[in-house]
2 protein chains.
Amino acid sequence: MTRQKADLLQGTLDMLILKAVSLGPLHGYGIIQRLRQMSGEMLEVEQGSLYPALYRIEQKGWVSSKWEVNETNRRAKFYALTRAGRRQLEDEEASWDRLVLAIAKVRQTT
Amino acid sequence: MTRQKADLLQGTLDMLILKAVSLGPLHGYGIIQRLRQMSGEMLEVEQGSLYPALYRIEQKGWVSSKWEVNETNRRAKFYALTRAGRRQLEDEEASWDRLVLAIAKVRQTT
DNA sequence: TACCATGCTTTGACTTTCTAGGCATACTCG
DNA sequence: CGAGTATGCCTAGAAAGTCAAAGCATGGTA
């Protein structure tokens with residue numbers, strides 16, 4: 001299928017997840033909601049994208065997870081940013097800034 | 001392997017190619033050089049990424065190609081932006097701007 | 001002659017994301 | 001009590017894009 005306008009670009013999802021979790025431990029479903037809210041309804045992450053990403057990110061040691069009971073009395077797996085995750089977030093943000101800058105340079109070339 | 005800092009994000013390459021070609025018809029090898037220059041040496045597109053992308057983009061009708069002889073007396077396939085390509089470039093730039101904005105919003109959330 | 005820069009192409013692997021489901025539990029409302 | 005809805009996690013399969021690493025050919029130069 002053709003890529004939809006709202007779709008994420010490969011490589012940005014990890015940064016967004018890490019950023020969302022950096023504001024406090026959160027479970028998967030909540031991450032989707034928080035990202036939607038943080039982006040002003042501009043981003044809608046699919047569950048089928050999020051959960052594999054969370055697994056991947058946890059394997060890399062950037063988040064840790066714990067089963068807990070949330071505020072509505074349901075079991076949910078809460079993810080928290082690790083120290084390595086914070087470093088990774090900073091790295092990814094720096095890379096993102098570089099890319100945005102590089103593309104801006106290309107675009108302003110006449 | 002881990003993604004390198006300088007790597008492109010999937011989905012941005014088409015926009016960059018279209019932009020490079022929008023400044024005048026150019027062959028593949030030259031596109032790489034022009035993009036490197038336009039980005040202030042920040043972007044280095046691999047040949048193995050560029051040529052498949054050019055093929056894809058031509059299939060979609062966003063560029064047309066013609067074998068010609070370049071200024072150094074070598075045969076080279078020159079790509080030119082089509083009308084549809086210009087529209088596509090505008091669309092991709094708008095999508096890019098939206099994504100950059102959305103991510104900026106996420107990042108400025110405290 | 002040998003080499004180097006230019007120029008196009010292909011192959012295979014890899015990663016990420018999306019679509020499209022399935023499964024389970026808590027709560028609410030008729 | 002029963003049905004529906006929102007919440008919450010997970011997986012399989014496919015699609016797509018990018019990269020690394022090659023190969024091949026030609027023109028100019030030492």
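For the numbers below, each heavy atom of this structure counts, side chains included, while hydrogens, waters and symmetry mates do not. Here is how names work: the chains are called A, B, and so on, in the same order as the sequence lines, proteins then strands, and each is numbered from 1. Small disclaimer: the values here were computed from a predicted structure and weren't measured.
D14(B) places a side-chain heavy atom less than 4.5 Å from the side chain of W62(B). A 4.5 Å side-chain heavy-atom check between T109(A) and Q37(B) finds every atom pair outside the cut-off.
Ranking dT11(D), dC9(D), dG7(C) by closeness to the A76(A) side chain, first place goes to dC9(D). Comparing dA16(D), dT18(D), dC27(C) by their nearest atom to the side chain of D14(B) picks out dT18(D). Taking every side-chain heavy atom of R74(B) into account, dG27(D) is the closest of dT9(C), dA16(D), dG27(D).
Between Q47(A) and P52(B), the residue anchored closer to the 5' end of DNA chain D is Q47(A), taking for each the nucleotide with the nearest heavy atom. The nearest heavy atom of DNA chain C to Q33(B) and to G48(B) marks one nucleotide each, and the one closer to the 5' end goes with Q33(B).
Rounded to an integer number of Å, the gap from CD1 of I17(A) to P of dT16(C) is 11 Å. Rounded to whole angstrom, the span from the CD atom of E46(B) across to the C1' atom of dA13(C) amounts to 15 Å. Here the P atom of nucleotide dG17(D) and the CE atom of M15(B) are 15 Å apart, to the nearest Å.
OP1 or OP2 of dC18(C) lies within a sub-4.0 Å distance of a side-chain N or O belonging to S49(A). At the phosphate of dC10(D), neither OP1 nor OP2 sits under 4.0 Å from any side-chain N or O atom of Y51(A). Distances shorter than 4.0 Å separate some side-chain N or O of R56(B) from OP1 or OP2 on dG17(D). Checking the phosphate oxygens (OP1, OP2) of dG7(C), a side-chain nitrogen or oxygen of T72(B) falls inside 4.0 Å.
G28(A) comes within 4.0 angstrom of the backbone, heavy atoms only, and of no base.
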